[in-house]
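The structure presented is a predicted model; accordingly, all values stated were derived computationally and were not measured. If you read the sequence from its start, that first residue is 1, and numbering goes on from there. Atoms within a ligand are numbered from 1 in the order they appear, just like the ligands themselves.
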Amino acid sequence: MDSIHICGGCPLHGETRIQGSKNAVLPILAAAVLVDGTVTLYNCPKIADVLCMVRLLQSVGCLVEWRAGKLTVDASHLCGGSLPEEYVTRMRSSVIMMGALLGRTGRVSISYPGGCVIGKRPINMHLEAFTRMGVVLEEEGSTLTAKTEGISGSEITLAFPSVGATENIILAAALAEGETVIRGAAREPEITALCKFLTGAGAEICTEEGGAVIRIRGVKKLHTCTYRVPSDRIVAGTYLLGCMAAGGTIRLTEADAGQLTAVLSVIQQMGGEYTCDGTGITLTAPKRPAAVPYLKTKVYPGYPTDLQSQLLAVLALAQGESVVEEAIFENRFRVVPQLIRMGAHISIEGTQAVIEGVQTIHGAAVTAEELRGGAALCIAALAADGETHIANRHFIDRGYEALERDIRRLGGRI
Ligand code: UD1
């Protein structure tokens, strides 16, 4: 059944462990293509986007085995660089296979990638960087072919710290001839995870200026390695915000508070009280959250766009008026009409959402239109009076490994 039913209105109480990070593991899986040998990943989340990436790896000849949280990828016998449209159009992150395949084989052909419907999401920065690195691009219909006689290390300055472009350049540069320097690089923890993984496989990468400058000295070969995928900061943030909306006290183990500084500061502003120790985060929600007069999404370490929709669900119930500005993706208020169906008072003015907090919202039949908006509907449903039916759960399954299990462990009725 492609839907989720939640009976809301009861505070959360319980503990759950946070899964491995989707946005960290996807580029690491692409990086496995660069390794002449076997890559072993622990704590790999079993989510739809990872399954899609596994299919892409298999389509180019990788042997993939997945047993009890341990995923192995053997790219010793790559047999092609043409990525099947079926998977590429399903997931935007498939574009990061480009840098990896170019680095290893010098050729890739790919349909323009798909992904969440949260804006235009062009890949111009990825392609401009590849061109500087000696790659020739040819476009025929919706298929893009990229070829090179050998990637050459280059100086690349990004106009915006794009996460995907930074990852693609790192992947293309790992086996390149000479040194690549990325200035204005993205500093998200997922970039750090990719660099750690590659360094463990023998790559030469160092960072300067707090990660804004990344230097990659190309090596001849990457070797077999093992890596544990770090925990998913967006899943942790989603459950913390779920508790802020529904009330109660929850504990999240393996949640990394250091990666959630901006989110925890907003939670504190809304009246949440939390403690962090070496093993996780414990949060007690206030009776009713306080409004957030103004918040703008930012690149890391700012408040993440991937937790913006979930915050709207909390602010829908806050005391007073809040304003949330979306600065990363232009189409990220798609969940608002669905929250309004549940009784929220939200209006959109350009890139800003104005939220007039109400005392209660109610259950309704709503539809998820993308991953994080779907998670926001689950949060609203946990706090709402009555029952909520959320259609299109497959969007939520792209990023949450076991939402029902986790919400039940946290005391929600799902
Ligand atoms: C990644 C994350 C996504 C997160 C986003 C921002 C993964 C799999 N996805 O997406 O969850 O919301 O970072 O933190 O890790 N842009 C261009 N041209 C380009 C590339 C990007 O204009 O060539 C624009 C995008 O349209 C967007 C902004 O830059 O407005 C940010 O995009 P980017 O950082 O690249 O996000 P993704 O890597 O797609």
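For Arg251 and Thr279, the side-chain atoms include at least one donor-acceptor pair closer than 3.5 Å. Counted by atom type alone, Asp256 and Ser231 present zero donor-acceptor pairs between their side chains at under 3.5 Å.
Contact annotation for Arg398 and ligand 1: no heavy atom of the residue comes within less than 4.0 Å of the ligand. Both the backbone and the side chain of Asn124 come within contact range of ligand 1, each with a heavy atom under 4.0 Å. Contacts between Thr305 and ligand 1 below 4.0 angstrom, taking non-hydrogen atoms only, involve the side chain exclusively.
Checked by distance only, ligand 1 and Leu26 stay at 3.5 Å or farther apart across all their nitrogen or oxygen atoms. Among the atoms of Arg92, some N or O lies under 3.5 angstrom from an N or O of ligand 1. By the 3.5 Å distance cut-off applied to N or O atoms, Glu167 is not counted among the residues near ligand 1. Taking any N or O of Ile328, backbone or side chain, at least one lies under 3.5 Å from an N or O belonging to ligand 1. By the 3.5 Å distance cut-off applied to N or O atoms, Met125 is counted among the residues near ligand 1.
The residue among Gly302, Ala129, Ala327, Pro122 with a heavy atom at the shortest distance from atom 21 (C) of ligand 1 is Pro122.
Within the listing of ligand 1, atoms 12 (O) sit less than 4.0 angstrom from a heavy atom of Arg332.
Residues satisfying the salt bridge (Lys or Arg N to Asp or Glu O under 4.0 Å) test with Lys147, not counting sequence neighbours, are Glu138.
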Using atom types as modelled, flag every donor-acceptor pair under 3.5 Å from a side chain in residues 407-414 to any protein atom, sequence neighbours excluded.
| residue | atom | partner | partner atom | Å |
| --- | --- | --- | --- | --- |
| Arg408 | NH2 | Ile414 | O | 3.2 |
| Arg413 | NH2 | Gly8 | O | 3.1 |

